[in-house]
Amino acid sequence: MLSQLSVKNLAVVEKLDLSFESGMSAVTGETGAGKSILLQALSLVLGVRADSNLVRYGKDKADVSAAFSVINNKTVQDFLIEHSLEDDGECILRRVISSDGRSKAFINGSATPLSIMRTLGDLLIDMHGQNEHQLLLRADQQLLLLDGFAQLEDDKNAINAIVREYKNLNDKIKQLADNQDIIEQQQALYTHQLEELDDAMLNQAELDTIEADFKISANAQLIVEKVSNVLSQLEAESGVNSQLLTLNTQLSEALEIDEKLQTGFDLINSAQLQSQEAIYELTQYLSKLSSDDQSAEEIEERISELYGLARKHNCQIEALLTVRDQIEQKLNEIGGGAGSIEQMNQQLNSIAERYQIKAQALSKYRAKKAQVLSQLVTDAMQELGMPGSEFKVGLDQKNDGVHLNGNENVDFLGKKKYFY
């Protein structure tokens with residue numbers, strides 16, 4: 001329902017705001033009072049072509065807006081939701097026409113193409129004028145009238161949901177087919193990268209320690225020299241360990257005289273034991289270092305290989321296995337190629353079958369109701385003084401495929417001059 005019309009700088013109207021209540025409203029006035037301008041303003045927000053001559057003389061632009069309450073109009077609400085233009089049961093159309101001939105269209109505050117506004121306008125208002133093509137003669141409106149009479153909106157919505165599902169999947173298939181060359185190139189790249197990483201026989205334990213191992217191997221001579229020197233200092237006849245043993249013996253004799261020396265004795269005794277442990281650990285370390293199978297050259301060669309892979313994949317050595325798994329996942333995602341398209345086509349055929357089941361059921365019921373509506377209108381025409389006239393709702397089959405609103409177009413047909 002039209003609830004408000006606002007006009008600014010349109011033709012002779014400088015500013016006008018009209019509010020409408022529910023029910024019928026009549027606007028009257030003498031010739032030239034501006035009634036036609038109101039209809040012109042309404043036509044502009046319904047999407048008709050604009051003319052810069054409509055802008056009030058001396059003004060830069062004309063601005064027209066109309067507010068509609070659509071809380072009880074499900075068709076309009078669905079249209080607004082489909083185009084992300086909904087606004088809690090209200091629909092505000094606005095048209096701005098510049099004096100240079102340009103115009104802008106807005107629906108609920110969002111800029112929108114004029115074609116969308118025109119389509120929405122047809123759902124909001126049926127304007128009848130002298131010698132004017134009426135909305136009744138449009139095929140899409142004839143379909144709405146028949147389906148409204150037959151109460152088929154829920155069935156049609158269910159079919160259109162399947163059609164949208166079909167279209168979305170079909171678009172994905174086309175996009176995948178169009179990008180097949182790129183996908184094949186990506187497959188080849190990922191396959192090569194995966195083979196290269198697998199050939200490197202990556203092991204996470206090695207990746208985590210190889211840099212430290214290389215550092216040790218590269219400095220092995222220096223380490224041996226330093227550790228050996230420490231061992232000699234600990235194990236020498238007059239070395240630290242020997243001295244601690246002597247001190248331990250001497251202090252134990254003094255401890256027999258004065259028990260207060262117990263803490264000092266325990267500390268020296270502990271130091272000697274730790275010194276002995278240090279000798280054992282360092283000896284074991286040198287033994288292991290000298291028996292390491294990998295030479296410095298081998299480790300250097302291996303780490304060079306791993307550094308090269310890490311540079312290629314822009315990561316640290318430790319992350320190479322993670323990168324390898326990510327590449328494998330990407331390859332699996334696109335690896336279907338033609339297989340993925342084939343699976344999607346099978347799914348598309350399944351959707352088409354679901355569509356046909358519902359569309360054929362809709363066609364049968366629609367044909368039945370078309371006969372009922374044809375007879376009712378024909379009978380009414382006889383009572384309206386048009387004897388011999390006949391009205392018929394024709395159903396024309398669409399081409400094979402999946403179609404919005406079902407498998408047929410509706411065409412209102414009449415016989416004799418009284419119709420059309």
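Here the structure is a predicted model, which means the values were calculated and not measured. Atom set for the values below is all heavy atoms of this structure, side chains included, hydrogens, waters and symmetry mates excluded.
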Would you kindly say whether [X] and [Y] are connected by a side-chain donor-acceptor distance under 3.5 Å?
| X | Y | result |
| --- | --- | --- |
| Y355 | N160 | no |
| D63 | N9 | no |
| D325 | Q329 | no |
| E235 | N241 | no |
| D379 | Q375 | yes |
| D60 | S99 | no |
| D396 | N409 | no |

Any [X] side-chain heavy atom under 4.5 Å of [Y] side chain:
| X | Y | result |
| --- | --- | --- |
| I125 | L46 | yes |
| S389 | T378 | no |
| K358 | I162 | yes |
| L80 | C91 | yes |

| field | Pair E153 + K74, salt bridge at N-O below 4.0 Å | value | no
| If you measure from the Lys or Arg side-chain nitrogens to the Asp or Glu carboxylate oxygens, is any gap between D147 and R366 under 4.0 Å? | yes
State whether the side chain of [X] and the backbone N or O of [Y] hold a donor-acceptor pair below 3.5 Å, judged by distance alone.
| X | Y | value |
| --- | --- | --- |
| S98 | K61 | no |
| R56 | V12 | yes |
| E90 | V70 | no |
| T283 | I279 | yes |
| R95 | V48 | yes |

| said: Other residues, nucleotides and ligands only: do more than 12 of their heavy atoms fall within 6.0 Å of CD on Q371? | reply: no
| message | Measuring from atom CG of L348 to atom CD of E353, what distance do you get when rounded to the nearest 0.5 angstrom? | response | 10.5 Å
| message | Looking only at the aromatic ring of each residue, does the gap between the centers of F412 and F391 stay below 6.0 angstrom? | response | yes
